[in-house]
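Lettering of chains follows the sequences in order, A, B, ..., and the numbering in each one begins at 1.
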Number of protein chains: 2
Amino acid sequence: MNDSAAPPGVEAPAETDAVDQLTAQWARERPDLDDLTAMALIGRINRASSLLLKRMKPVFTAHGLENAEFDVLATLRRAGAPHELTPSELVLSSMVTSGAVTNRLDRLERKGLVERRPDPGDRRAVRVRLTSPGLDLVDRTVMAHVANEERILAALPAADQRLLSDALRRLLVALGDTRLG
Amino acid sequence: MNDSAAPPGVEAPAETDAVDQLTAQWARERPDLDDLTAMALIGRINRASSLLLKRMKPVFTAHGLENAEFDVLATLRRAGAPHELTPSELVLSSMVTSGAVTNRLDRLERKGLVERRPDPGDRRAVRVRLTSPGLDLVDRTVMAHVANEERILAALPAADQRLLSDALRRLLVALGDTRLG
DNA sequence: GCCGTATCTCTCAACGCTGAAATAACTTCG
DNA sequence: CGAAGTTATTTCAGCGTTGAGAGATACGGC
């Protein structure tokens, strides 16, 4: 919008992304929506997330996993030996509901990557543990996954990466996302 | 991790978010994964997106819409009169597959918010148009939606918002997200 | 005019999530 | 002890997405 009105030859116009076009359309159709900066920022975060998720998927697929399944295996792995947590703890570490976690565990159990056993001290509770094949798989997958993430971000200068990570941390803190468990 | 080793009294330690804890766990369990900065940045973008989406949902629900449904209505509205596009164009503007768009259109049509009619010039094609109730609804919803987005981001200083938006634009350009249609 | 290729939309099974509620077991406290 | 409240896990209908591909139509070149 405003780029086209910039004095010629003074500065290279900043490159535009899909969100610039989207907000330009809104500005034209609904000029009464006078502040679209929030919409633009949120739109960029959502689009970036969606694109990044799509670029990660092939690595999981190559290891026979869904994104959601890797999420559970990785949480158990990160927790350290004996790689065992309860479904409740997995719900807290994830961003999904308890029903979704049950569903993930059912599938992982069928594949033999985790096992459920009763909690000795609390008969309501269950303990979910990585099996030996599950541990092997997640250890191999995370390696490829991290390498893939680095490859994906290689196109963005390290300075931008630091800047983004720090500003996003402040956003997450503002949104209350300060605890993993 | 490194915050705890900072010289005392020199600077307030930066506040930590869930991703800092997550990467700290990986660093402890898998010290061989030596560069976790890409994982941290991508993790922050994904968590932020998930949290923001959850905070938007109530506005759509209050207007009787799903997030995905609003997405279609908004795309038609932004396109300008006569608020008509083909399913193919909607697929390009969205971040989902053609099957998902068909599904969205089926539901919106059942609700009477859009209508499908054959394209006069191409018998393979369909033209999807906002109905009058659809136009009313999206015009009301987008107003509440934008106000909600501003409320959600109010906790983040304007300087951070600009910084983030600009850096994310560079990321999106690097990821090839330069065209909306 | 015809053929191969490209395009447009839709279908369908498998997967995945939510929100609400059911079930069972623990805990607190009078 | 026993009722009331809390916690842990699962269930289920409704919604939503992907990925592969089917079916119909359009188009470019010979």
Side-chain angles (χ1 to χ4, degrees), chain A residues 46 49-51 53-58 60-62 64-73 84-111 113-129 181, chain B residues 46-47 49-51 53-58 60-73 84-111 113-129 181:
Chain A
N46 289 153
S49 177
S50 173
L51 292 170
L53 253 13
K54 276 174 198 155
R55 296 237 203 163
M56 299 188 190
K57 179 167 245 181
F60 299 131
T61 300
L65 289 173
E66 299 295 327
N67 211 313
E69 294 173 338
F70 175 76
D71 188 38
V72 171
L73 297 182
E84 184 176 88
L85 294 170
T86 65
S88 300
E89 290 168 329
L90 289 167
V91 169
L92 288 174
S93 293
S94 75
M95 308 201 77
V96 296
T97 62
S98 61
V101 168
T102 295
N103 189 14
R104 292 174 178 191
L105 292 176
D106 286 347
R107 250 172 305 118
L108 288 170
E109 199 172 33
R110 259 182 260 131
K111 292 187 180 182
L113 301 174
V114 306
E115 56 191 11
R116 281 193 259 222
R117 56 186 195 82
D119 184 311
D122 184 341
R123 276 184 300 175
R124 294 169 304 181
V126 166
R127 305 210 58 92
V128 178
R129 188 201 295 237
Chain B
N46 289 153
R47 288 187 82 91
S49 177
S50 173
L51 292 169
L53 253 13
K54 276 175 198 154
R55 295 237 204 163
M56 299 186 187
K57 180 168 244 181
F60 299 132
T61 301
H63 289 79
L65 290 173
E66 298 295 327
N67 211 314
E69 294 173 339
F70 176 75
D71 188 39
V72 171
L73 297 182
E84 185 176 88
L85 294 171
T86 64
S88 299
E89 290 169 327
L90 288 167
V91 168
L92 287 174
S93 294
S94 74
M95 307 199 78
V96 296
T97 61
S98 62
V101 168
T102 296
N103 189 16
R104 291 173 178 192
L105 292 176
D106 286 347
R107 253 173 301 118
L108 287 170
E109 199 171 32
R110 260 183 258 129
K111 292 187 179 183
L113 299 174
V114 305
E115 56 190 13
R116 280 193 260 221
R117 57 188 196 79
D119 184 311
D122 185 341
R123 276 185 300 176
R124 291 167 306 178
V126 166
R127 306 210 58 92
V128 178
R129 188 200 294 238

- [ ] Kindly say whether B/Gly64 contributes a backbone atom to a donor-acceptor pair with the side chain of B/Lys111 at under 3.5 angstrom?
- [x] yes
TODO: Find the distance B/Leu90:CG to C/dC8:C1' and express it as a whole number of Å.
DONE: 13 Å
TODO: Using side-chain contact (heavy atoms from CB on, under 4.5 Å) as the criterion, list what pairs up with A/Ala125, not counting sequence neighbours.
DONE: A/Asp119, A/Asp122
Task: Given DNA chain C, 5'-ward residue of the pair B/Lys54 and A/Arg110, judged by closest heavy atom - done: A/Arg110
Task: Shortest side-chain distance from B/Lys57, nucleotide among D/dG19, D/dC15, C/dG19 - done: C/dG19
- [ ] For A/Ala68, report the nucleic acid contact type (base, sugar-phosphate, nothing); a contact means any heavy atom under 4.0 Å.
- [x] sugar-phosphate
Open item on the list: Can you list everything that forms a side-chain contact (heavy atoms from CB on, under 4.5 Å) with B/Glu89? Sequence neighbours excluded, please.
Closed with: B/Leu85, B/Thr86
TODO: Nearest whole angstrom, please: distance from the P of D/dC15 to the CG of B/Leu105.
DONE: 16 Å
Open item on the list: Base, sugar-phosphate or nothing for B/Arg116? Non-hydrogen atoms, less than 4.0 Å.
Closed with: sugar-phosphate
Task: Pairing residues for B/Asp71 by the side-chain contact (heavy atoms from CB on, under 4.5 Å) criterion, not counting sequence neighbours - done: B/Thr75, B/Ser94, B/Arg104
Task: Rounded interatomic separation in angstrom, taking CG from B/Asp119 and P from C/dC10 - done: 12 Å
Open item on the list: Protein within reach of the bases, or only the backbone? For nucleotides 21-26 of chain C, mark each nucleotide 5' to 3' as B, S or -, using heavy atoms under 4.0 Å.
Closed with: ----BS
Open item on the list: Going by the rule side-chain hydrogen bond (donor to acceptor under 3.5 Å, both in side chains), which residues pair with A/Arg129 if we only count those two or more places apart in sequence or in a different chain?
Closed with: A/Glu84
TODO: Select base, sugar-phosphate, or nothing to describe what A/Ala125 touches, counting heavy atoms under 4.0 Å on all strands.
DONE: sugar-phosphate
Open item on the list: Reading DNA chain C from 5' onward, which residue's closest nucleotide shows up sooner: B/Val126 or A/Val96?
Closed with: B/Val126
- [ ] Could you pull out all residues at least two apart from A/Asn67 that satisfy side-chain contact (heavy atoms from CB on, under 4.5 Å)?
- [x] A/Leu53, A/Phe60
Open item on the list: I need the CD-P distance between B/Glu69 and C/dT18, as an integer number of Å.
Closed with: 17 Å
Task: Heavy-atom pair of closest approach, residues B/Val128 and B/Arg116 - done: CG2-CG, 4.1 Å
- [ ] Measure from CG on A/Asp106 to C1' on C/dC17 and round the result to the nearest Å.
- [x] 14 Å
Task: Gap between atoms CG and P, on B/Leu92 and C/dT9 respectively (whole Å) - done: 10 Å
Open item on the list: I want to verify a distance call: between D/dT9, D/dT18, C/dC17, whose nearest atom is closest to the B/Ala100 side chain?
Closed with: D/dT18
Task: Separation of atom CZ in A/Arg127 from atom P in D/dA8, rounded to whole Å - done: 12 Å
Task: A/Asn103 side chain, from C-beta outward: closest of C/dC17, C/dT9, C/dG19 - done: C/dC17
Open item on the list: From CG of B/Asp71 over to C1' of D/dC15, roughly how many Å is that when rounded to an integer?
Closed with: 15 Å
